[in-house]
Amino acid sequence: MSRHKNCVWPLAVAALAWCFSFYGTAAVSDAGPVGLFAAASMLVSGGELLLSRRLRRRPEAKWNRESLPPAAAAAAFYALYFVFASYFAAYVGVAELTAVFSLQSLTCLIGFSLVKELYIRQRTILCVGIISIGAVCVVQLSPLGVPAPVWGALLLGLLLCWTLSVILTLDLMAEYPADFILGWQNLMGGVIALPAAILDPSGFFAPDGAALLLFLAGSCLWGAGMPILFQKLRTSDTILSGIVFSAVPICCMLARSIVFEGAGSGLQMLGFCLLCVGVALTYFDIRREN
């Protein structure tokens, strides 16, 4: 079995963990500042990864001075991404966030491949264009009366923060184990994200038990899924990995929208269909060439 086939199921598991993480953060968002729960999620994930290393008696790893600046930058970019995305999921919707994420995941990985001097076929770029149109249809440009320039800046910020975090983390993995990098990245990101909670005027009260359980489960699952994601991104075709990682949330959100919320608007359903078609076409295009 080829390495590309071997990457499908681990990446699908990582994608489901990502979905649960944002569902959990959105579930507790009514109980206080979303930034606080985003920071808490990163701290839980980071603590889980570092504790797991110690319990499994993994070889000791230490940061050297040259690696500290890119590691801190990766943590800062990830913190900004996670806080923005958590507010997005809480106030706009996890479905819309999933559409945006599917676009930015593919876009950043294609950019990473170009940086690494890999050849990108025109058919692949066409398929990503279909995905981009689908994401715009699902998000419906500027919901909730948000001015288009502000909305565009938010989406661009999400894209840039995730892209830079991924590239810096993948470069660090040439020298350090994935769980070590991501454990410290989450801990540092959680501390960096705390000001977002302090500046938020929302009050705080204890969330209900079911929401809190979903939040903790999602944080732990994403902590376990992150090393899987980055290991496969580094050892497999980066574009194919991005497609697999994007496809699972898209299909989950499409099914959820139909089952629990009805058909939705025609524009949103068209967007979901375009997302699925674009992901499928890109996947089969790359598989045909490999």
Side-chain angles (χ1 to χ4, degrees), residues 15-48 75-105 135 138-140 142-147 150-151 153-155 157-159 161-162 165 186-187 189-226 248-250 252-257 259-261 264 268:
L16 285 173
W18 177 86
C19 283
F20 273 108
S21 175
F22 281 106
Y23 269 122
T25 304
V28 295
S29 62
D30 291 337
V34 180
L36 174 64
F37 291 109
S41 180
M42 283 183 274
L43 292 172
V44 169
S45 299
E48 173 197 1
F77 285 126
Y78 179 67
L80 288 171
Y81 163 76
F82 202 86
V83 170
F84 284 148
S86 296
Y87 275 101
F88 202 130
Y91 294 117
V92 178
V94 181
E96 288 79 2
L97 174 64
T98 303
V100 174
F101 181 81
S102 67
L103 169 63
Q104 71 186 30
S105 177
V138 171
V139 178
Q140 298 184 36
S142 182
L144 302 179
V146 178
V150 176
W151 186 251
L154 174 61
L155 299 186
L158 280 168
L159 171 61
C161 288
W162 175 253
S165 176
N186 275 272
L187 286 181
V191 173
I192 292 169
L194 284 177
I198 296 172
L199 296 174
D200 194 311
S202 302
F204 175 80
F205 59 90
D208 65 73
L212 184 60
L213 182 62
L214 180 59
F215 169 75
L216 292 174
S219 300
C220 292
L221 285 171
W222 181 224
M226 284 185 77
V248 173
I250 292 170
C252 288
M253 293 313 306
L254 177 60
R256 179 183 179 277
S257 178
V259 173
F260 295 106
E261 300 175 5
Q268 195 168 44

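What you are looking at is a predicted structure, and each value in this text was computed from that prediction instead of being measured.
Contact between Ser21 and Ser41 at its shortest, heavy atoms only, is OG-OG, 4.0 Å. Here the closest heavy-atom approach between residue Cys220 and residue Val44 is recorded as SG-CG1, 4.0 Å. Here the shortest heavy-atom pairing between Leu212 and Val28 reads N-CG1, 3.9 Å. When all heavy atoms are compared, the tightest approach of Val83 to Ala193 is CG2-CB, 3.6 Å. For Glu48 against Gly223, the heavy-atom pair with the smallest separation is OE1-CA, 3.6 Å. Closest non-hydrogen pair, Met226 versus Asn186, comes out as SD-ND2, 3.4 Å.
The structure places CG of Leu187 at 6.0 Å from CG of Leu43, a figure rounded to the nearest 0.5 Å. Note: Phe84 CZ to Cys161 SG = 6.0 Å, rounded to the nearest 0.5 Å. Note that the CZ atom of Phe22 and the CZ atom of Phe215 stand 11.5 Å from one another [nearest 0.5 Å]. Interatomic distance, Ser29 OG to Phe37 CZ, rounded to the nearest 0.5 Å: 8.0 Å.
Between Tyr78 and Trp162, the closest side-chain pair of non-hydrogen atoms falls below 4.5 Å.
Under the 3.5 Å distance criterion, the side-chain polar atoms of Ser45 are matched with a main-chain donor or acceptor of Ser219.
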